[in-house]
2 protein chains.
Amino acid sequence: MAETKNAAKAAAKGSASAMNLPLDRIVQGDCIEVMNALPEKSVDVIFADPPYNMQLKDTLHRPDNSKVDGVHDAWDKFSSFSAYDDFTTRWLAAARRVLKDTGTIWVIGSYHNIFRVGAELQNQDFWILNDIIWRKSNPMPNFRGTRFTNAHETLIWAAKSADKGGYTFNYDAMKSMNDDTQMRSDWVIPICSGKERLKDGEKKAHATQKPEALLYRVLMSSTKPGDVILDPFFGTGTTGAVAKKLGRHFIGIERETDYIKVAQARIADASPADAEALGYNEGKRAQPRVPFGTLVERGMITPGTTLYDSHRRFAARVRTDGTLVAADSKGSIHQVGASVQGAPACNGWTFWHVEKKGQLYPIDVFRQQIWAEMH
Amino acid sequence: MAETKNAAKAAAKGSASAMNLPLDRIVQGDCIEVMNALPEKSVDVIFADPPYNMQLKDTLHRPDNSKVDGVHDAWDKFSSFSAYDDFTTRWLAAARRVLKDTGTIWVIGSYHNIFRVGAELQNQDFWILNDIIWRKSNPMPNFRGTRFTNAHETLIWAAKSADKGGYTFNYDAMKSMNDDTQMRSDWVIPICSGKERLKDGEKKAHATQKPEALLYRVLMSSTKPGDVILDPFFGTGTTGAVAKKLGRHFIGIERETDYIKVAQARIADASPADAEALGYNEGKRAQPRVPFGTLVERGMITPGTTLYDSHRRFAARVRTDGTLVAADSKGSIHQVGASVQGAPACNGWTFWHVEKKGQLYPIDVFRQQIWAEMH
DNA sequence: CGAACCTCTGAATCTCACG
DNA sequence: GCGTGAGATTCAGAGGTTC
C-alpha cells in the first residue's frame, strides 16, 4: 500500500508521517501539551482560532430589549494582557515546533487580541505573508450607536520564516474562484447561521463557530490534497469537516468534551461529495450600493454645492455628511427631494442635478462613474 | 522647560486658544520632541501615519532611516523589531500626553507594523474602539503570484482609556453618509492617484500619500467643527488640507523640508466650506431636552388622555404633572413603558402613542414640533 | 402555493448629564 | 466620585406563520 511505502520512505528520512500522527482524530487535552507530544516538523498547515480575550462588562440589550447572547465562557477569560501574552507565546512556540519548515500558519482574531498575536508571531520569527480581512456580509449591528459596526475579523497567514520558502499557495485556484482576477486580501463571507449553525439542544453548541466557507478558502488556498492540517482550538470541528470534504487530513485538539462530541458527529456526517456546496457562495456579486455621501467624501461634489431639479424649480445645498438642506427640510437626497415636491417618495439620484457650465447633470452620473471604476 | 510648564498651566485654566497652540501650522522637527513641548491634554484628535519600512528583505531600515546590517540574521531582525517598538512606545507616550482625556487617536498601518502598534496602544492603556479596514478599490496587484493581493490597510481608533468616555463619534452623520444604515468597520475608498497625487517635478512628492476621502471620513466621524487635530507624521499634509476644508484646526509635525513646502502650498489652496454646509446630522442626542410635562403644559396633550403602545397591548393615562398611570405602575413615560413590558428600559417617546381619528401617532411627533419651533 | 409578515439571532470590549 | 434616571439605540438573513 502507498501508505506503507510512504511511511518507510519517511522513516528513512526521519520525517513526520512515520511518526504515527493521530490523523483525522480529535485529541482531548491542553493544546500546548498535546502539540509538544507530537513529532516536530510534522504538519503542513496550522489553523488556529484562539480565545479573543474579549472584555465584556454588562449584558447588552438590543433596542427591542432582547438580550444579546455574548461570549461568557470561562475559556475566553484572562486576568491581564500579560497573562494572555504568556499563553500566546507558549502555544505559538509549540505550534512552530510541529510545523514543517515549508508549512504556514493561520490565526484568526479580532481587535481584542489580533495585534498581540501578530506581534508575537513576528517575535517568534514567523514571516507574515498576508493579513486577510473576513468582511461579514451580515454582522451584528452596534446597538447603542457608539462606534462603527464591527463588521470584520482578521486572519494572519504566515510562513515559518522569511527564508524558508516552498509554502503552498494555489494561486490559480484562487484566481479562478474570483472571476479570474487575483484573490484579494479581503473576503466577503456571511457569518455562520441557519442550518450550518450547530445546536446542543436548543442552545448553540459553540459561541463562536466559524463558517465552513471561510475554512474552505483557507484550505483551498494554502494546502494540497493529502496535506495535514492541525487545529489546536478545534471547538466543534469546522476545520475537520472542511478538511474531510476537501480530501485533506486534520488533527484536532480540544479540551471540552461537549465540543468534541458535537465535532465527532459532524465530521462523521461530512463526505467529500459535499465539497462543491462549500464554494456555493463564491463569485456571485451584486451591484454594490453607492451612498451619496461617498460622492461628497471623494470630492466629486463639494460641501456647499447647490443641487437643482431638472426644471430649476427647487434647490438644496449639500452638507458635509451628504445630507441636503432645502428651505423647509433636511435629510437624505431622497427625503429632501420628496419633501420639496410634497411627494411621498422620490429617487434623489435622478431628481437632483448639479450645474456645470450652465448645464444640469443628474447626480447619478457620478454614481455610474464609481460603478465603472469598480469593474 | 518653562514654556511647557506655562502652557500646561494655561491648559489647566482654560480653553485651547489660551494654550498658545501652533494652530493650522506645520512645526518642523522630530515629532516626539515637538509633542513634548506642547501643552498636555490640549488636542482633540490625533491622526498618525507612522513609518513602517522595517521588513524589506534586502535593505532593512530603522525608523530613523539608518540601514540595519546583517538583515538575514535572526538576531538582527529581532533587534530591528525592538528598535521599532522602542520608537513606537516613545511617540505614543508623547501623543498620549498631549491628547485630551476625551480625545481619540487614529493610527494607520499595514501588516508590517500595525500589530506592534496595536499591542503598544493597549499596553499604554489606550482603549480600542474599532479597527477599521481601508479596502482599496484599486490596489497594486501581487506581481509574482505568491500571495493574495494586498488590498487593504488597517486603521486603529482608540480612546485614551476605558473609563474616560465623552469622545466624539458622529453616529448620525456617519449613518447619513452611508445611505441611512450604520457605517461599518470596512471602508471602500480608492487609493490616492490622478490629480490628487502630489508631484514634486516628475516624481511623486511622497511615497505614501493618503487619499483625502480617507481623512474626510476619519475627521467627519470623530471630530466636531473647530476641533484641533494633531498629525505627528504630517508628510504632504492630507490631514491639514481636509481639516481646513471641514472647518477643523490642525497641527502638523514634519521633519522634511521638501514635504513641508508641498504641504504648505496645498493647504493654502484648500478652501473651507461655509457654515451651512458644515452642518451635519447630529441626531436626537444633540437636541435640547424636552420634558414630557412640557407637552401637557402647552396643551398639546390634555391630562387624562390615554396613551397606547403601537399594538394597543398596553395603555396608560396622563396626569397633570406629566407622569403616567398604568394598571400596576406610575412614573415617567420611560418608567411606565418599561414597567408594563417588564423590560429593563424603554424610550417612552417612541413607545407611547396618542389616538387621533382612530390613528395612533407616537408622542415624539409633539416633541419634534417643539424642536422645529425652536429654530 | 406564494406573498406578506413576524420572530429570532450573531466573537460586542455598546450612555451620559445632572445633582 | 458616585448614584440616579432620562432616553437613545439594529441589519441581514433564516425560518416560521398567516392569509
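The chains referred to below are lettered A, B, ... by the order of the sequence lines, with proteins before strands, and numbering in each begins at 1.
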B:W157 and ring pair (Phe, Tyr, Trp, His ring centres under 6.0 Å): which partner among B:W106, B:W127, B:F47? B:W106
To the nearest 0.5 Å, what is the distance between NZ (B:K100) and CD1 (B:I46)? 11.5 Å
What is the distance, to the nearest angstrom, from the CG atom on B:D163 to the P atom on D:dC2? 11 Å
Syn or anti for D:dT9? Use the chi torsion, O4'-C1'-N9-C4 for purines and O4'-C1'-N1-C2 for pyrimidines, with syn inside 90° of 0. anti
Using a heavy-atom cut-off of 4.0 Å across all strands, would you classify B:T181 as base, sugar-phosphate, or nothing? sugar-phosphate
Sugar-phosphate only, base, or nothing, as touched by B:D172 at under 4.0 Å among non-hydrogen atoms: sugar-phosphate
Counting the atoms with a prime plus P, OP1 and OP2 as sugar-phosphate, which does A:S137 contact under 4.0 Å by heavy atoms, base, sugar-phosphate, or nothing? sugar-phosphate
Mind calculating the distance between NZ (A:K195) and C1' (C:dT9) to the nearest angstrom? 17 Å
Pick base, sugar-phosphate or nothing for A:W75, based on heavy-atom distances below 4.0 Å to the nucleic acid. base
Atom NZ of A:K57 to atom P of C:dA11: distance rounded to whole Å? 22 Å
Output the rounded distance in Å from CZ (B:F292) to C1' (D:dG7). 14 Å
In whole Å, what separates the P atom of C:dC14 from that of C:dC18? 23 Å
Hey, does the side chain of B:Y171 come within less than 4.0 Å of D:dT10's phosphate (OP1/OP2), counting only N and O? yes
Which part of the nucleic acid does B:R367 contact within heavy-atom distance under 4.0 Å: base, sugar-phosphate only, or nothing? sugar-phosphate
Whether A:N150 contacts C:dT13 is assessed here as follows: a side-chain N or O lying under 4.0 Å from the phosphate OP1 or OP2. Is that the case? yes
How is B:A345 classified with respect to the nucleic acid when contacts are heavy atoms under 4.0 Å: base, sugar-phosphate, or nothing? base
When rounded to the nearest 0.5 Å, the distance separating CD1 of B:I108 from CD1 of B:I156 is 10.5 Å
Phosphate oxygens OP1/OP2 of D:dA6: is one of them under 4.0 Å from a side-chain N or O of B:Q335? yes
